[in-house]
**Q** 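Handing you this structure, nothing more for now.
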Amino acid sequence: MEGGPGARIREGDCAVLKRDEVFKAVSVLRRRKIIFEKQWFYLDNAIGHVYGTTFEVTSGGNLQPKQEVEETTTETKEAGTDNRNIVDDGKSQKLTHDDIKALKDKGIKGQEIVQQLIENSTTFRDKTEFAQDKYIKKKKKKYEAVITIVKPSTRILSTMYYAREPGKINHLRYDTLAQMLTLGNIHAGIKMIVMETCAGLVLGAVMERMGGYGSIIQMYPGGGPVRAATGCFGFPKAFFDNLHEFPLSKVQSLLSGTFTETLPAEPEENTLVEEDSNGLSEDKQQEPEEEPPPEAPMDINPTEERDAMDINAEDAEFKESKEKENKENVREKQIKQWERRKKLREAAALLREKNADGLIVASKFHPTPLLLSLLEFVAPSRPFVVYCQYKEPLLECYTKLRERGGVINLKLSETWLRNYQVLPDRSHPKLTMSGGGGYLLSGITVVPEKGRAECAHAEETKLEEPSSKRCKLQGLPC
Amino acid sequence: MEGGPGARIREGDCAVLKRDEVFKAVSVLRRRKIIFEKQWFYLDNAIGHVYGTTFEVTSGGNLQPKQEVEETTTETKEAGTDNRNIVDDGKSQKLTHDDIKALKDKGIKGQEIVQQLIENSTTFRDKTEFAQDKYIKKKKKKYEAVITIVKPSTRILSTMYYAREPGKINHLRYDTLAQMLTLGNIHAGIKMIVMETCAGLVLGAVMERMGGYGSIIQMYPGGGPVRAATGCFGFPKAFFDNLHEFPLSKVQSLLSGTFTETLPAEPEENTLVEEDSNGLSEDKQQEPEEEPPPEAPMDINPTEERDAMDINAEDAEFKESKEKENKENVREKQIKQWERRKKLREAAALLREKNADGLIVASKFHPTPLLLSLLEFVAPSRPFVVYCQYKEPLLECYTKLRERGGVINLKLSETWLRNYQVLPDRSHPKLTMSGGGGYLLSGITVVPEKGRAECAHAEETKLEEPSSKRCKLQGLPC
Amino acid sequence: MGLRDECAAGDGCMLRWDCGHSGLRGTGASTELWVTSSANYRIVTMSFVEYGDTIKDGDTAIVFLGHESMFPVKVQHGTVTQTKYGVIRHSTDLIGKKYGSKVTCSKGGWVFILHPTPELWTMNLPHRTQILYSTDISIITMMLELKPGSIVCESGTGSGSLSHALIRTVAPTGHLYTVEFHQQRAEKAREEFREHGVEHLVTVTNQDVCKNGFGVSNIADAVFLDIPSPWEAIGHAKSALKAEGGRICSFSPCIEQVQRTCLAMEEYGFTEINTLEILLRVYNVKTISLQIPDLGKAAEDNSSTGFDSSNPSHQGSPCANLQQGTVQFKSGVPLREVVGHTGYLTFATKSLV
Amino acid sequence: MGLRDECAAGDGCMLRWDCGHSGLRGTGASTELWVTSSANYRIVTMSFVEYGDTIKDGDTAIVFLGHESMFPVKVQHGTVTQTKYGVIRHSTDLIGKKYGSKVTCSKGGWVFILHPTPELWTMNLPHRTQILYSTDISIITMMLELKPGSIVCESGTGSGSLSHALIRTVAPTGHLYTVEFHQQRAEKAREEFREHGVEHLVTVTNQDVCKNGFGVSNIADAVFLDIPSPWEAIGHAKSALKAEGGRICSFSPCIEQVQRTCLAMEEYGFTEINTLEILLRVYNVKTISLQIPDLGKAAEDNSSTGFDSSNPSHQGSPCANLQQGTVQFKSGVPLREVVGHTGYLTFATKSLV
């Protein structure tokens, strides 16, 4: 498969920079300054190296492959047995800030600076071995400018987004995304419906797991699907051949059977087509073969963390692409409109078959109306998974789905994730952990019954939800 | 202090039986058959031994102090290295059920039975050391009848109640109770208001921490305070001298100033007094000096776990004591009524001072109305803690308290508790853990402001609750 | 919870490749890829890696009785299956019906018949060992960066819970090499893979991975270890992985195993060594009623309703006190006792040198 | 967050026992017990183990600025304290005021002045070491079965966070023996205990507990260890405990420490050895708004409101699509990053033999 281990960094690739646990997605472009973890550099020298290579930033911002990734060894590994004799007076380091700056300006490498700091610390030798290690690690992090360039994947991009821009992905934690992919039985050859407002990250994860086999219909709100994160995966162009999109705002008319009639002539349709062409133009930007994804997707100020509820993000992106588009040739636009219209019809046709193999929802919207309508397009005996940052809307969704019927094995869950430090004699869970990764509601579709109370089977109902036995004749509230 | 380490088991004591992690509270009585963990025995022989002694149940249900609490050592500690050669055919044990029964009937001790089981297992020697240990432990648990008699304490009783009858204590987990005692700054010499429907466990825990110094006003719903668990602590009689009770149903009239006027003559008052005397008679039962607590409190069928919402439990207890009371001398009853009335007035007087040093609420009721009224009796700059099994009511309570004002540092929290197995080369968290221990809302009272908007200080409000800035003039909704 | 109505190994169930089935909906290049790499296809009735619409003779289906109560069944003409709701006759009740249908049993109760998935299999498979559940499987799959086309090595096969999930993810162009040292188990796993239509995607080897490795070298994208002494297999794992690198994961219940494994990984030059633990919390959706406490009346509304005036029948009845209003709300209530530990997962990367 | 306006050690603050204060409300036997065992009283202004109503010269009070923003202040006539809301003048703004009062600072902003408690002290104390927080302290106190009258041994004293909580619980008739090997820290702790009016309840010893033990034998009901090598102090802990038995707790961040400590405890005959971990989850109470998605209209209500008809101004404006309804609800939202580990707590019982 393309992009597996051993692939080389090429100009135009989507790549991910890594330093310790920090990631950043970038486009590999020549003569383009990158700022990452307070370091600036150019990627030119990285081109041609294998993914996974670690580089050191040298003077002038050039990358140089690092020879050995060995630990700094203090020549004299003398260590105190405890810290009872250390008096903290803030005077233990003899090198001043100016001294260090002078070393840096001379182009002295980070590793050497750390060594000098150790030699000029009056208390280093009295520290316990543990404290010495801690000190070295801290200083290394500060002064050694080492980065690794890795190939993007769901693992890396979902970790990166959760750490850097959780607001853009509705705080969907990577392990929660992992659950979704498994609970949704995502695999090659299926027909999936994906409704997400997670910058296209969930879509990308589904595409990775489907490996280009099968088809995906992405449901989108507003002017067009957002696929900024999808672009970061660097998928081959063929992966997009069976990726369709369909506007949420047409779902009800599709379900009621009025969609085809209104498609060709009405003014409303013009609007739609325009919207879609915007969606596509943005979409196209994300395909590396045509135009490499700009660094922009992950290049916003990391301190400015947008709220998950912020509805303006998409508008901004939309307006931006709109301005660009205005400069485009009208002729070209019309061809695109025609293509868009064709794809829209294809997407509608796929949905109309009502035989999708699954549904994945991960959005900023209330999940209940989405589920109640989109489940109509899913075949029986297929899994569905809904993510929500909050538990309360899924409680309501659970209740409404039980009233609706046609679904079994409903499960509301959450995962706890804990990372560990495993070091000789110093193993323990990491001192900080994520407070929450969001909630999932999953279930399996079954053949809906016509005109029969879903709760006729008393025992079944009892087993499914012991405390609340709301019975209702099956009727679709959407 | 009375009842510290080294105390001896006396007739009439409240004691706790312990086997592995299982506890049961009992009264130490002669010639009384106890059934615990499928074993029956008499406590007669335990009297005079020191608390903490481990006994073995011998034939005839007699307790005999166990000489050495050493591990069963298999004479040949031969172990296989892995389990690849073990074929599970269900025929590895040569002793039949009848054989084992025969051994037991002969009065063979549990330890010997386990040894025989090991010798008659064809696969034991091929098992890994780990599997061998697991096997021994399992069999020991089944055949060795060893119990320890321990002195009751908050640690032991709260663990016992959570394991055996969580419904009776609203699923308050012991570590959550521990938080309440600390957050409430419970210590000697304070004046506490306690409102609980946890069988008196929370009251007992507060009494233990106050060590007989200070005073407690227990607020109670219905006919009288429930103190079944309080009785299990085995407190000295003096601890009850400064324990007062006050009916919830009189709180509003006390706050509005109409309480004293209605006290002496109205028929309503008669009702109240009768209720209280019932409460007292039950209370008295729990004081070991007068009448040892019956085994009943913890002797219900452990599989029948009452729901926290069940309101019938109290009625039943009430009726039971009522019947008993009917046989009592009317004269005696009248004296008690007078005493009760006196105590009620004392409790009212204590509350009316509005200078309690704290408030602890842990009940089956919605916490909001309780907090809004009972906080009126608390002095400024004092902590309060509310427990609820569910999070939702505390969200509402939080919001209402912020509207009310006069409280700061509000904190909604929960604790996670995880137990570990620490054994050489086999350390890991226990395979099961509690799903939840309930939620706490805590805060600190401040001097309430008169006629000033609580949110005048914009920054303060923002800091206290960033997302919801409901402003309201201070007015007490109770 | 064992597998019922098993088709005994070698009893000649006809397996065939169901071409009419719409499992592969990709077009153009994708389809070609599939066909190109599918030289070792067996003719099967159904497959765990491909959805079918209707129940066919020879399928493994899941009989769903109610909340988390289900079992797998091997569909066979002329066979009947007993459930607590009565008998299911395969020929008339199952074959030809749509997956997801409600089937009425002989006693009038009904069940749903579900298409198998690796996740349903994990919940219903016959346990030959302790198994990995979907929560751990999910993070393993993501952190090993598995996708269609990946080559994975696994040891031990155990009860095949993870194996089915791995095969699902790497299909149709990848492969699983799974090593099991217990002969009975290895054979049972082979049989299951055959019955589930995925044998062309998996190679089961019966050997000791710590001594003999995975039987392949320099071809794997990822290696997974769930064995008592994973540190003894790290060297073999490294040589099974591609020369250019790949990912490894080791699952161990005890921290001491993790400590030794991490040391071994470091020794063999693995990087990005990261140990984590993941736990599932399931919430029951319940409607809760909380009573509003009776705090009595203040002076002002002394005349309003209350048991003093409205219930003069029997003084002193505490029940009257409890005739209060209640507040209802929905709550997601955690189970009383939950899984507190399955194992530690240690991930690492084999870097190119 | 350091201690501000510190009363320097030995500068002659008059300390006195405030008899007019209503901290002790017990009567009869209880009061007598208190008096009997209080031979070593110092005369102090205020105390961490007893509430007062009004702020007095010499008190340590907590200045509360807002949510979890506060600091301790030593109240002294003539002194001023700077806050971000302006100056607080102790003589006029603090002394004589009720605890819990709102005090307006010179810039017009206001703060609350709170009575100190061990819990507020834990949140505000000057860190000389890593400290124990109230979540761990709570379970330690309960599991060691501490109450008024208990004799407790502790090492190390560290920053005194746990010490204050222990003293509060064992007062008025118990005692804390706390051992700290770092001389500076031991002295600072003594000073703080003096300032906080609890020195009669605590003995601070500056020595190495692993070598020299607690300096007492057979008197303790409970022992607490928070030292790097707790296994080296288990023998000393055993001899400090009463002959009849008692409880022990050891706090260690690393599992290897726990493993060695458990072995040592078993070696010394401790029983009921139990290791646990407790973590606090704080929830922010927030009002959340979720948008209702626009799914368009079905055929039937084609004529109803919507941007097509009601917003004809500019075609193609996606904003119009977003003019949707929202649903609001209260939610208890976990913090994004929380404390994932403080340490393992190992409890055990010294049994009588």
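Note that this is a predicted model, so its numbers are computed, not measured.
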**Q** Could you tell me whether Lys98(D) atom NZ has more than 12 heavy atoms of other residues or ligands within 6.0 Å of it?
**A**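 Result for NZ/Lys98(D): open.
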**Q** Can you see which heavy atom on Gly100(D) is nearest to which on Ser381(B), and at what distance?
**A**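 Distance-wise, the nearest heavy atoms are N-CB, 3.5 Å.
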**Q** Between Ser138(D), Ala165(D), Ser134(D), Ser101(D), who has the most heavy-atom pairs with chain B when the cutoff is under 4.5 Å?
**A** Ser138(D)
**Q** Which atoms form the tightest heavy-atom contact between Ser413(B) and Tyr283(D), and what is the distance?
**A**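 Taking Ser413(B) first and Tyr283(D) second, the nearest heavy atoms are CA-CD1, 4.3 Å.
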**Q** Just how far is it from atom CD of Glu21(B) to atom CG of Asn274(D), taken to the nearest 0.5 Å?
**A**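 Between Glu21(B) CD and Asn274(D) CG, I get 6.0 Å after rounding to 0.5 Å.
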**Q** For Leu120(D), which atoms come within 4.5 Å of any heavy atom of chain B: side chain, backbone, both, or neither?
**A** side chain
**Q** For residues Pro148(D) and Ala188(B), report the shortest heavy-atom separation together with the two atoms involved.
**A**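 Taking every non-hydrogen atom into account, CG-CB, 4.0 Å.
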**Q** Against chain D, label Ser158(B) side chain, backbone, both or neither, depending on which of its atoms sit under 4.5 Å from a heavy atom there.
**A**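 Side chain of Ser158(B) only, per the 4.5 Å heavy-atom cut-off to chain D.
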**Q** Kindly compute the distance separating OG1 (Thr117(D)) from CG (Asp357(B)), expressed to the nearest 0.5 Å.
**A** 12.0 Å
**Q** Give the intermediate values and the outcome of side-chain contact (heavy atoms from CB on, under 4.5 Å) for residues Lys330(D) and Glu392(B).
**A** CA-CA 8 Å; Lys330(D) 287 265 172 197; Glu392(B) 292 81 359; over 6 Å; no
**Q** Give the minimum heavy-atom separation between Met142(D) and Ala178(B), together with the two atoms involved.
**A** CE-N, 3.5 Å
**Q** If we only count heavy atoms from C-beta on, is the Arg155(B) to Arg247(D) side-chain gap below 4.5 Å?
**A**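 When only atoms from C-beta onward are counted, Arg247(D) and Arg155(B) do touch, with a gap below 4.5 Å.
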**Q** Could you walk me through whether Leu114(D) and Val446(B) satisfy the side-chain contact (heavy atoms from CB on, under 4.5 Å) test, starting with their C-alpha distance in whole Å, then the side-chain angles of each, then the deciding distance to 0.1 Å, before giving a yes or no?
**A** CA-CA 8 Å; Leu114(D) 300 180; Val446(B) 292; 4.1 Å; yes
**Q** Do Thr169(D) and His187(B) have side chains that approach each other closer than 4.5 Å (heavy atoms only, starting at C-beta)?
**A** no
**Q** Counting heavy-atom pairs closer than 4.5 Å to chain D, which one of Leu394(B), Thr445(B), Asp175(B) comes out on top?
**A**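 Highest number of pairs under 4.5 Å: Asp175(B).
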**Q** Exactly one of Ile444(B), Thr182(B), Asn409(B) should register a side chain to side chain contact (heavy atoms under 4.5 Å, CB included) with Glu119(D). Which one does?
**A** Thr182(B)
**Q** Out of curiosity, Gln421(B) CD to Cys262(D) SG, how far, rounded to the nearest 0.5 Å?
**A** 10.5 Å
**Q** Atom CD1 of Ile408(B) and atom CE of Met70(D): how far apart are they, to the nearest 0.5 Å?
**A** 7.5 Å
**Q** Quick check on Tyr174(B) against chain D: is it the side chain, the backbone, both or neither that has a heavy atom closer than 4.5 Å?
**A** both
**Q** For residues Tyr420(B) and Leu276(D), report the shortest heavy-atom separation together with the two atoms involved.
**A**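 Shortest heavy-atom separation between Tyr420(B) and Leu276(D) comes out as CD1-CA, 4.3 Å.
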**Q** Less than 4.5 Å to any heavy atom of chain D: does that hold for the side chain of Pro429(B), its backbone, both, or neither?
**A**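 Neither part.
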**Q** Chain B: which of Ile273(D), Leu280(D), Ile139(D), Leu345(D) shares the most heavy-atom pairs with it under 4.5 Å?
**A** Leu280(D)
**Q** Heavy-atom distance under 4.5 Å between the side chains of Pro118(D) and Asn185(B), does that happen here?
**A** yes
**Q** Please report the interatomic distance CZ(Arg281(D)) to CD(Glu414(B)), rounded to the nearest 0.5 Å.
**A**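 One gets 8.0 Å once the value is rounded to the nearest 0.5 Å.
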**Q** Using non-hydrogen atoms and a 4.5 Å limit, figure out which bit of Met180(B) sits close to chain D: side chain, backbone, both or neither.
**A**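 When you check distances to chain D, no heavy atom of Met180(B) falls under 4.5 Å.
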**Q** Flag the pair Met210(B) / Lys147(D) as yes when at least one side-chain heavy-atom distance between them is below 4.5 Å, and no otherwise.
**A** no
**Q** Can a salt bridge be assigned to the pair Glu449(B) and Lys102(D) using a cut-off of 4.0 Å between side-chain N and carboxylate O?
**A** yes
**Q** To the nearest 0.5 angstrom, please state how far the CD1 atom of Ile278(D) sits from the OG1 atom of Thr415(B).
**A** 4.5 Å
**Q** Against chain B, label Ser331(D) side chain, backbone, both or neither, depending on which of its atoms sit under 4.5 Å from a heavy atom there.
**A**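 Backbone of Ser331(D) only, per the 4.5 Å heavy-atom cut-off to chain B.
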**Q** Considering only NZ, NE, NH1 and NH2 on the basic side and carboxylate oxygens on the acidic side, decide whether Glu244(D) and Arg8(B) come within less than 4.0 Å.
**A**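 Answer for the salt bridge query: no.
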**Q** Using a 3.5 Å distance criterion without hydrogens, assess whether the side chain of Gln179(B) forms a donor-acceptor pair with backbone atoms of Thr135(D).
**A** yes
**Q** Examine distances only and state if a side-chain atom of Lys391(B) and a backbone atom of Gly332(D) form a donor-acceptor pair shorter than 3.5 Å.
**A** yes
**Q** Quick one: are Pro172(D) and Tyr213(B) in side-chain contact, heavy atoms under 4.5 Å?
**A** yes
**Q** Could you walk me through whether Leu279(D) and Arg418(B) satisfy the side-chain contact (heavy atoms from CB on, under 4.5 Å) test, starting with their C-alpha distance in whole Å, then the side-chain angles of each, then the deciding distance to 0.1 Å, before giving a yes or no?
**A** CA-CA 9 Å; Leu279(D) 286 175; Arg418(B) 217 169 170 197; over 6 Å; no
**Q** Please flag which part of Leu263(D) lies under 4.5 Å from any non-hydrogen atom of chain B: side chain, backbone, both or neither.
**A**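 It is the side chain, since no backbone atom gets that close.
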**Q** Does the distance from a Lys or Arg side-chain N to an Asp or Glu carboxylate O, for Glu145(D) and Lys151(B), drop under 4.0 Å?
**A**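 A salt bridge is absent here (no side-chain N lies under 4.0 Å from a carboxylate O).
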**Q** Counting only non-hydrogen atoms closer than 4.5 Å, does Ile186(B) touch chain D with its backbone (N, CA, C, O), its side chain (CB onward), both, or neither?
**A** backbone
